[in-house]
Each structure stands twice: as C-alpha cells, then as structure tokens.
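Below is one structure; the comments refer to it alone.
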Number of protein chains: 2
Amino acid sequence: MTRTAERPAGRASERALADLREAILSGDLAAGAHLGEVELAERLGLSRTPVREALTRLAAEGLVALEAHRGARVTSFTPEDLHGIFDVRLALEPRATARAAAHATADDLDALQDLADRMLAVGAPGPDQDLDALVGLNRDFHARLLDLARAPALAAALANVVHTPVVTRTFHAYDPASLARSLAHHAEIVAALRAGDGDWAGAVMRCHLGNARAVMVGSR
Amino acid sequence: MTRTAERPAGRASERALADLREAILSGDLAAGAHLGEVELAERLGLSRTPVREALTRLAAEGLVALEAHRGARVTSFTPEDLHGIFDVRLALEPRATARAAAHATADDLDALQDLADRMLAVGAPGPDQDLDALVGLNRDFHARLLDLARAPALAAALANVVHTPVVTRTFHAYDPASLARSLAHHAEIVAALRAGDGDWAGAVMRCHLGNARAVMVGSR
DNA sequence: CCACCCTAGATTGCGTACAACGTCGAGGAG
DNA sequence: CTCCTCGACGTTGTACGCAATCTAGGGTGG
C-alpha cells in the first residue's frame, strides 16, 4: 500500500535487522521497551514479515526477548548477568588474543596500532575528548583482533554475548584512571603482538577486561 | 476448558524447528544437504512461513547455512573447525563445571550419578552395549551440569557451538580404551562435585574434553 | 467488598499470492 | 572446441489477510 519509493536499498529484512540492532545498541530503544511488530513495521516503512524475521534473529542473538502474544521486549541485564558476560569474555578473548600473535602480519599490526593511537587521541582528557567515537574504535579493535585469531568457533561463541547493549555502549562510566589504563592496554596489546608474545598479549587482554568489568559491574 | 490434546499440538514453528534440528542432529539430513523451503514445507505439512522461521533460527544456531537464492545447506565441519569448537568447550566447560560444585544439591548429585551409572551400564562392552543410547544420556549429563553452573551467559555462548552434529552424534568413533576413560570421567566429575572440589571437577572436565577431541579430531 | 466471569480489543501465528533476483542450461559466435 | 550471451526456470523475499489466542477491562453475583 504505502509505496515509499525512497530507496531501492538492499534486502529489507537485513535493513530492519541492522536498524533495530543499532537502535537497541545506541539506546534509542530503552531496555524493557515494548516492541510491537506492527508498530515497528510502520516505523520502518515495511510490512510485518521482514520485521518479524529481524526480531527472530535478534532474539537468537539475545538482544530481545519474545513473549508470546505480549510483544517483544528489549532484554535488560542485571549486574549478575553482566558479571557472567565478562566471565565468558575473560575465558575466550585472552585466548583469542594469544592466538592472534601467530597470525598477525605487519599490515595487521599497523592497522591495530592506528586504532590504538586514535583511541588515545580521542580519549585523552581535554576539549577534544570524544567518548562516543571511542565506542566504534573499540569495537573495531576487538573485532579485528578476534578476526586475527583465526578461530571462527570462538568468535561465534563470543558474538552472542558481546552484543549486549551495556557492554558496548558505555564509555562514560569510566573514571579518568580506568580510562587511561584501558587505552594503554590497547597499545600494550599491539606491542606484545609485535614481539610475537601471545602469552603477554593474552595477559594484557585479561587486565583489559578485568579493568572494564570493575568499571561497569563494580567489585563484587 | 477445551483440552485439545490433538494433532496440531504446540506452535507449528517450534515443531518445525524441533523436527529439523532433530533431523540434522540424528543425521537424517546429511551434512551439505540441499534444503529447499518448499520441499521442507511439504515434508512437514506446513506452509513456508514457519519453515522459513525455523531455518532462520537454525542458521543463527549455526546448524545450517543460508545461501542466497540457492537454498539452505546443512553446515559441514572441517577437522580444523572441530578443533576450534573443542577449544571453546575447553575454555568454558571446565569453568562451568567448577562453578557447579558450589550450587549442586544432593538431589542434583544423585541425578548426575544416576546418569553416569546408566552410561557406564549402557556403554560397557558386551551384547548390551548401546552406543546410541549414550548420546542422549551424555547430552543430559552435560546439560544438567551446565545448568548447575548458574551461568546463563556461559551456557548461551556454548549453546551455539556444541549443537554441531558431529560433536553430539558420534560415539561410534571411540575405541574401547577412550570410551572407558570417557565414562569414568563422568563418574569422577560427580565424585569431585560431592567432595565440593570445583578445581578437581574442572580438571576432570578438561581431561574429558581432551580425550574426546583426540578421538574425534585426532592429534594434530 | 471481593472474586469471578465474560466480552471486547489487540497481537501474534500462519497461510497464500506476487514479484524480484539469481542460477543454470542451451544455443550461437569466434 | 571454447567462450559468451540470452532466455526460462526455480528459489527466495515481501506483502497482505484471516484465524486463533491472550490480555485487559468492566460488569455481575456471592
């Protein structure tokens, strides 16, 4: 009916998926928000079918919870949940980081270095500090590192856990000292990889995650 | 209240999901098999819609791969993939097992003991040996153990990795010595949990998985 | 005053039809 | 003989409509 000939675009389903995921991760859709299929469909200018498919996939990723005949809700996480999520990250990411040492080429290292440098620049206290830009850079850094591990199963296991809103969104929670540590960790990881020392790199990643958990969940 | 204990039982979508998952895990649908939506729909007596939803969810679980306009295929795993999967299991399951020590009640331990005993009975060499029955018991044992860990995030991370056909299906690949070890491990895990020693239990799980990996992937 | 039932509304679940896209095979040209 | 091009088919992607089901609200009886 409504022929919104705005843009031919790619697959509408993937568009809906990406839009919804971004809306959730960015916080536009608050945790616990009531999501109706018709409402979302109208909002995105699509029919219910692709929206429904997107919701199904988001539910599989754990970003939303489907309640029968009651609508879908954005999943909310308790501090215990967050703690558990960091448990998984601590179990997997240091291992992946260690593996990355064996596969990283000079180009890879340069790219990582570049990301680490830019994060240091954007994250440094002062008028130019941009904590929001940090989010994307941080995601890129970790994603690239994970890719270098050449461990698809490990990456898949992590994927359904790291997507969680709070983990990827907040950099504002960091106090100056923790933020400085976090940014330094990135650089140190690159240094360890350059040295070809997987154990070192993995250890830094453990520190990195421990620091992050302390900031976001607090000591337990 | 109308007690419709009839055929249509339960949501058709979940039925399709369960049927397809079982068909894949049991091997009825061979790895790499060409799955068309219409073909599956006719086979299950449903329309394409629920089948499509089931395929989407299976793809999210990693059991099938959706190829655009070419149909879905049951994912197949290389030895390298399997090795990586066991890497993830080795990183997560021992940790979960250790955590289970803190939460297991007497009833839980009895149930685990029962499963371990039954596996010993069914797995013992002789005319009564039933390797197929082992599959279900083994899955129950690991699932129950994972549940006791009270670590939903960890369980979720594992879920998308353990579902893989080859990992859960084959017990025929075990040689007698390895099989005996594997069954003994289950009993030892229960013993360690009874002793309240999470470290011990986790160590046994590491052995258990190492043994399994050696059987299925071979030494590398 | 409380509990229960019953109706009305809304939402999801599923089926079917249409459209777009990609793939595969056959035929012709070089 | 090989490669390219073109057409038909098959498959997926999306829209829409109907039916079943659940939730919520008001009314009634105890």
Side-chain angles (χ1 to χ4, degrees), chain A residues 1-21 23-24 29-30 32-75, chain B residues 1-21 23-24 29-76:
Chain A
M1 184 163 43
T2 51
R3 178 89 179 131
T4 54
E6 294 177 356
R7 349 174 222 206
R11 297 281 158 286
S13 171
E14 297 184 7
R15 193 174 206 72
L17 179 65
D19 281 356
L20 283 177
R21 183 152 44 195
I24 295 174
L29 291 175
H34 224 224
L35 302 181
E37 293 181 0
V38 285
E39 177 193 344
L40 293 175
E42 290 177 1
R43 200 155 139 182
L44 297 174
L46 302 169
S47 86
R48 275 177 48 214
T49 309
V51 172
R52 185 180 178 78
E53 182 168 336
L55 283 177
T56 301
R57 295 177 66 175
L58 287 174
E61 290 181 16
L63 279 179
V64 304
L66 266 46
E67 302 175 8
H69 294 272
R70 217 183 308 181
R73 305 188 77 95
V74 180
T75 52
Chain B
M1 50 181 84
T2 55
R3 186 97 175 139
T4 58
E6 287 289 321
R7 265 298 167 73
R11 300 279 161 289
S13 170
E14 298 183 8
R15 194 179 205 69
L17 178 66
D19 282 356
L20 283 177
R21 183 152 45 194
I24 294 174
L29 291 175
H34 226 238
L35 302 181
E37 293 181 1
V38 285
E39 176 192 346
L40 292 175
E42 291 178 359
R43 200 154 140 182
L44 297 174
L46 302 169
S47 88
R48 274 178 50 213
T49 308
V51 171
R52 183 179 179 79
E53 182 169 338
L55 282 178
T56 301
R57 295 178 64 175
L58 287 174
E61 289 181 17
L63 279 179
V64 304
L66 266 46
E67 302 175 8
H69 295 275
R70 216 185 307 183
R73 307 187 76 94
V74 180
T75 50
S76 55

request  = Grab the CD-P distance between Glu67(B) and dT11(D) for me, whole Å please.
outcome  = 14 Å
query = Whole-Å distance between dG13(C) C1' and Leu17(B) CG?
reply = 15 Å
query = Can you list, by residue number, the residues of residues 52-61 of chain B that have a non-hydrogen atom closer than 4.0 angstrom to DNA chain D?
reply = Arg52(B)
ask   = Of all the choices, dC14(C), dT12(C), dA15(D), which nucleotide is nearest to the side chain of Pro50(B) once you look at every atom?
value = dC14(C)
request  = Please tell me if the side chains of Leu20(B) and Leu29(B) come closer than 4.5 Å, counting only heavy atoms from C-beta onward.
outcome  = yes
request  = For Leu46(B) and Ala16(B), work out which heavy atoms get closest and say how close.
outcome  = CD1-CB, 4.0 Å
inquiry  = Nearest 0.5 angstrom please: Glu39(A) CD to Leu44(A) CG, how far?
reply    = 10.0 Å
remark   = Checking dC16(D), dC14(C), dG13(D) against the side chain of Thr49(A) (C-beta onward), the nearest is dC16(D)
request  = Taking all non-hydrogen atoms of both residues into account, name the closest pair between Val38(B) and Arg48(B) and its distance.
outcome  = CG1-CD, 3.7 Å
key: Nearest-angstrom distance from the residue atom CD of Glu37(A) to C1' of dA15(D)   = 14 Å
For residues 55-66 of chain B, please give each side-chain donor-acceptor pair under 3.5 Å, one per line with the distance, not counting sequence neighbours.
unit_1, atom_1, unit_2, atom_2, d
Thr56(B), OG1, Arg52(B), O, 2.9
Glu61(B), OE1, Arg21(B), NH1, 2.9
Glu61(B), OE2, Arg21(B), NH1, 2.6

ask   = How many Å lie between CG on Leu44(B) and C1' on dC14(C), as a whole number?
value = 14 Å
inquiry  = Between P on dG15(C) and CZ on Arg15(B), what's the gap in Å once rounded to a whole number?
reply    = 12 Å
key: For atom NE2 of His34(A) and atom P of dT11(C), their distance in whole Å   = 9 Å
inquiry  = Test your reading of the model: is there a side-chain donor-acceptor pair from Arg73(A) to the backbone of Gly32(A), 3.5 Å cut-off?
reply    = yes
message = Show the nearest heavy-atom pair for residues Ser13(B) and Ala54(B), with the distance to one decimal.
response = O-CB, 4.3 Å
Spacing between Leu35(A) atom CG and dT12(C) atom P, to the nearest angstrom = 10 Å
ask   = Roughly how far, to the nearest 0.5 Å, is CD1 of Ile24(A) from CG of Leu35(A)?
value = 6.5 Å
message = Taking donor-acceptor contacts at under 3.5 Å, does the side chain of Ser13(A) reach the base of dG13(D)?
response = no
query = How many Å lie between CG on Leu46(B) and C1' on dT16(C), as a whole number?
reply = 14 Å
Residues Thr49(A), Thr49(B); criterion side chain to side chain contact (heavy atoms under 4.5 Å, CB included); working and verdict = CA-CA 9 Å; Thr49(A) 309; Thr49(B) 308; over 6 Å; no
Which protein N or O atoms sit under 3.5 Å from an N or O of nucleotides 18-21 of chain C?
none

